[in-house]
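Here the structure is a predicted model, which is why all the values come from computation and not from measurement. Chain A is the first sequence line, chain B the second, and so forth, proteins listed ahead of strands; every chain is numbered from 1.
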Amino acid sequence: MPPQLSTGALLRIMKDEKVPEPIVQILQSKKINCNSDKERYRLLISDGKYQISHAMLTGVSGVENFSIIKMKQYHLSELSSSQKINKILLIIGMEVLCSMDEKIGNPEQLTDQVIASHSSSEAKPVTNTVQSVPEQPRDLNQSLNQSLSESRVISQISALTPYHNKWVIKARVSNKSQMRTWSNSRGEGKLFSVDLMDESGEIRCTAFRDLADKYFNYLQVDKVYYFSKCQLKPANKQFNTLKNDYEMTIGNETVIEECLNDDGLVPQVKYSFVPISSVAELAVGALIDVIGVCKEVSDIQNFTSRTTNREMTKRDVILVDQSKTSITLTLWGSQAESFDGVNNPVVLVRGAKVGEFGGGKTLSTVMSSQMKINPDIQECHKIKGWFDLEGKESDVKNLSERTGSGSFQSQWLYLKEVQDKGLGNSERGDYFQTLATVLLMRSENAIYKACPTPDCNKKVVDLENGMYRCEKCNREYPNFKYRLLVSMNIGDFSGNQWVSVFSGEAEKILGKTSQEVGLAMEDNSEAGTAIFQNANFKQFIFKCRAKVETYNDEQRLKIVVVNVENVDYEKHSGQLCKEIAELTGISA
DNA sequence: CCCCCCCC
């Protein structure tokens with residue numbers, strides 16, 4: 001004997017009545033969003049008297065025709081007026097009671113006319129209020145914790161859709177991005193995002209501008225929060241790899257409250273640690289979780305990205321684990337600056353990106369990576385114990401070692417060879433390094449007024465009214481920053497060469513910041529030019545990029561210094577010995 | 001409303 005259908009329930013539901021757990025029959029289902037990994041079905045359902053076709057089911061992996069279900073959680077969603085159907089019944093939670101072979105009764109199509117023909121006085125008030133969706137607290141200051149603990153229904157992340165906005169989720173922050181600013185033709189601002197998870201799935205949630213400020217410190221990784229009234233929209237799969245078709249945005253009406261009694265029902269962030277030795281087999285671009293002991297750290301390095309023209313800060317951290325393999329992990333920006341490698345901390349990175357350089361594998365943090373230092377988890381204690389007892393002294397294989405003989409490791413050249421070898425005809429340009437002496441740094445046109453926006457170094461136009469215009473940012477600023485672009489002649493025994501050097505590297509040669517040089521030039525050009533003269537006859541190792549450029553129909557070799565280092569003569573003598581061995585055929 | 005994820 002099949003369960004009794006809740007005859008007439010669909011009519012009452014369509015009239016916005018709350019009907020507790022109605023029992024209906026599924027007459028037909030059609031899978032929609034077939035390209036998605038989360039399934040959604042359009043349903044034709046019947047309560048025995050009426051049938052409706054604008055019903056939708058989410059968060060299940062399939063449903064059989066004619067089965068009888070109990071709608072445990074549902075929501076009547078209003079669609080925008082441009083839609084023909086203006087109400088959709090979303091079934092968010094259900095239980096299959098039994099399967100059937102055929103339709104029960106002969107239900108009538110529940111049209112708008114049928115609904116309208118039943119006046120509201122006819123409907124019986126429902127007192128048994130098992131609500132399908134919890135009411136939002138009227139007073140938003142009222143504790144959500146309090147109201148939610150009394151409420152029975154928390155939506156699952158996997159059931160959230162843009163058609164349904166009366167939900168509360170209880171989710172753990174698994175990841176929080178850094179605060180980031182943007183500036184483009186459509187405007188500028190700042191944002192950050194958190195990744196949220198519950199037992200059903202995950203979703204990204206982003207806050208912009210003042211709301212980013214409001215929530216940035218409040219939302220913390222690993223804590224559990226109630227979220228409601230965020231705006232859902234389709235996820236941009238190009239940038240968001242979370243398993244959800246939607247992502248959400250925090251709005252002014254959003255309510256977020258920390259769940260103070262984390263009952264353990266929301267799963268913890270899980271890590272899938274990859275042994276460092278296994279990174280050898282992974283594809284470039286893969287995102288992995290890794291845990292290792294920081295064996296060594298490099299100094300901070302500043303440089304200008306050639307592709308984005310941005311000033312970059314990085315630091316390399318050498319990680320080692322029980323696979324007796326080490327790998328270089330590159331940290332960026334403030335994370336690079338604040339990293340402290342003293343006492344061999346354990347470093348955990350969730351979502352580190354696998355890279356390749358010179359034939360060796362590397363790791364790098366990306367925006368979505370989450371780093372933890374000495375996390376209080378078992379793996380951390382284990383690896384630290386291993387390192388202290390054994391790992392510290394073990395021989396390790398360095399996975400980041402550069403194996404490729406030539407192309408990545410820039411070749412050593414003398415300046416005459418730079419000309420003779422016909423460098424600079426490849427697409428990327430040709431790199432070389434050379435030990436040379438600064439013969440002349442031109443102070444003329446060496447300094448310029450640049451856009452004050454971090455990462456935009458475009459020369460500004462002085463509007464002579466106290467404002468400076470950046471064409472790239474398409475806006476005016478009351479200030480600017482000084483930048484260097486110095487034309488410099490360097491020489492060695494074989495010849496000399498004009499090269500260009502930008503702020504980051506020029507500062508190393510001049511021993512002054514661009515700002516200091518700019519102010520000196522502005523105040524007193526003699527003191528300014530003295531800064532440039534002081535650099536003459538200093539020796540450095542210059543890493544350069546040579547590229548042939550066409551200028552006024554004329555081809556000329558343009559050389560840019562990409563890195564300047566002080567000469568380590570002991571180390572350099574090794575290079576000289578190598579050259580002698582090659583020239584003489586006698587190995588050292 | 002971002003969407004860059006980098007360098008040798």
Side-chain angles (χ1 to χ4, degrees), chain A residues 175 177-195 204-212 216 230-231 233-242 247-252 284-287 298-316 328-336 349-360 362-371 400-402 404 406-412 428-433 453-457 472 502 504-505 541-546 560-565:
Chain A
N175 192 23
S177 78
Q178 291 180 290
M179 185 74 85
R180 197 174 84 235
T181 58
W182 85 87
S183 175
N184 59 30
S185 57
R186 289 183 296 275
E188 58 184 43
K190 59 166 101 169
L191 73 138
F192 81 99
S193 65
V194 284
D195 294 345
R204 177 155 300 167
C205 178
T206 306
F208 291 93
R209 305 177 206 270
D210 53 324
L211 291 168
F216 186 75
C230 294
Q231 195 179 67
K233 62 171 186 179
N236 188 336
K237 288 291 177 188
Q238 198 184 341
F239 306 108
N240 179 350
T241 53
L242 297 189
E247 56 194 22
M248 59 193 203
T249 306
I250 290 177
N252 287 313
V284 169
L287 291 176
S298 77
D299 287 335
I300 285 193
Q301 293 162 59
N302 293 299
F303 60 91
T304 305
S305 162
R306 194 161 77 82
T307 43
T308 63
N309 231 3
R310 289 182 183 194
E311 284 287 318
M312 315 287 291
T313 302
K314 62 162 256 195
R315 190 200 293 271
D316 287 336
T328 300
L329 167 73
T330 304
L331 308 179
W332 302 91
S334 58
Q335 219 162 37
V349 182
R350 182 169 188 256
K353 199 174 95 169
V354 176
E356 190 165 25
F357 179 55
T362 59
L363 292 176
S364 170
T365 55
V366 292
M367 206 61 186
S368 57
S369 305
Q370 202 65 45
M371 182 170 77
S400 301
E401 191 169 46
R402 301 208 271 280
S407 58
F408 285 88
Q409 180 83 11
S410 58
Q411 55 191 325
W412 282 92
R428 286 198 56 176
D430 294 315
Y431 288 85
F432 67 92
Q433 54 188 325
T453 304
D455 305 329
C456 177
N457 296 321
K472 191 168 156 191
F502 290 92
E505 305 314 304
I541 289 170
F542 297 97
K543 284 198 177 137
C544 303
R545 186 181 61 252
V560 174
V561 175
V562 295
N563 185 262
V564 172
E565 295 293 340

*With respect to the phosphate group of B:dC2, does any side-chain polar atom (N or O) of A:Arg204 fall under 4.0 Å of OP1 or OP2?*
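So the side-chain polar atoms of A:Arg204 never come under 4.0 Å of the phosphate oxygens OP1 or OP2 of B:dC2.
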
State which of [options] makes the closest approach to the side chain of [X].
X	options	result
A:Arg180	B:dC3, B:dC1, B:dC7	B:dC3
A:Tyr431	B:dC1, B:dC7, B:dC8	B:dC8
A:Thr330	B:dC7, B:dC2, B:dC4	B:dC7
A:Asn236	B:dC3, B:dC1, B:dC2	B:dC3
A:Trp332	B:dC6, B:dC3, B:dC1	B:dC6

Could you tell me the separation between the [atom1] atom of [X] and the [atom2] atom of [N], rounded to a whole number of Å?
X	N	atom1	atom2	value
A:Leu191	B:dC5	CG	C1'	13 Å
A:Arg350	B:dC5	CZ	P	21 Å
A:Glu565	B:dC8	CD	P	13 Å
A:Trp182	B:dC1	CH2	P	10 Å
A:Gln238	B:dC3	CD	P	12 Å
A:Phe239	B:dC5	CZ	P	9 Å
A:Lys233	B:dC3	NZ	P	12 Å
A:Asp316	B:dC6	CG	C1'	13 Å

*May I ask you to say what A:Glu247 touches in the nucleic acid, namely base, sugar-phosphate or nothing, with a heavy-atom cut-off under 4.0 Å?*
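Counting heavy atoms under 4.0 Å across all strands, the contact made by A:Glu247 includes a base.
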
*Would you classify A:Lys190 as touching base, sugar-phosphate or nothing, given that sugar-phosphate means primed atoms plus P, OP1 and OP2, and contacts are heavy atoms under 4.0 Å?*
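No contact.
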
*Name all residues meeting the side-chain contact (heavy atoms from CB on, under 4.5 Å) criterion together with A:Asn236; count only those two or more places apart in sequence or in a different chain, and write none if there are none.*
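A:Gln238, A:Phe239, A:Glu247.
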
*asked:* Which residues pass the side-chain contact (heavy atoms from CB on, under 4.5 Å) test with A:Val284, not counting sequence neighbours?
replied: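 Applying side-chain contact (heavy atoms from CB on, under 4.5 Å) to A:Val284 gives A:Glu356, A:Lys361.
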
*Check whether the aromatic ring of A:Phe357 stacks on the base of B:dC8, taking stacking as ring centres less than 5.5 Å apart and planes within 30° of each other.*
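Aromatic stack with B:dC8 present for A:Phe357.
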
*Does the ring of A:Phe208 meet both stacking tests against the six-membered base ring of B:dC1: centre distance under 5.5 Å and plane angle under 30°?*
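A stacking contact exists, since A:Phe208 sits close and nearly parallel to the base ring of B:dC1.
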
*A:Lys353 (side chain) and B:dC5 (base): donor-acceptor pair under 3.5 Å*: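 A donor-acceptor contact between them is absent.
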
_Is it the case that atom CD in A:Gln231 sees more than 12 heavy atoms from other parts of the structure closer than 6.0 Å?_
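Open: at most 12 neighbouring heavy atoms sit under 6.0 Å from CD of A:Gln231.
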
_Show the nearest heavy-atom pair for residues A:Arg204 and A:Ser193, with the distance to one decimal._
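Nearest pair, atom of A:Arg204 first, then A:Ser193: CD-OG, 3.8 Å.
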
_Straight-line distance of A:Gln433 CD to A:Glu565 CD, nearest 0.5 Å_ =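 Taking CD in A:Gln433 and CD in A:Glu565, the distance rounds to 10.0 Å.
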
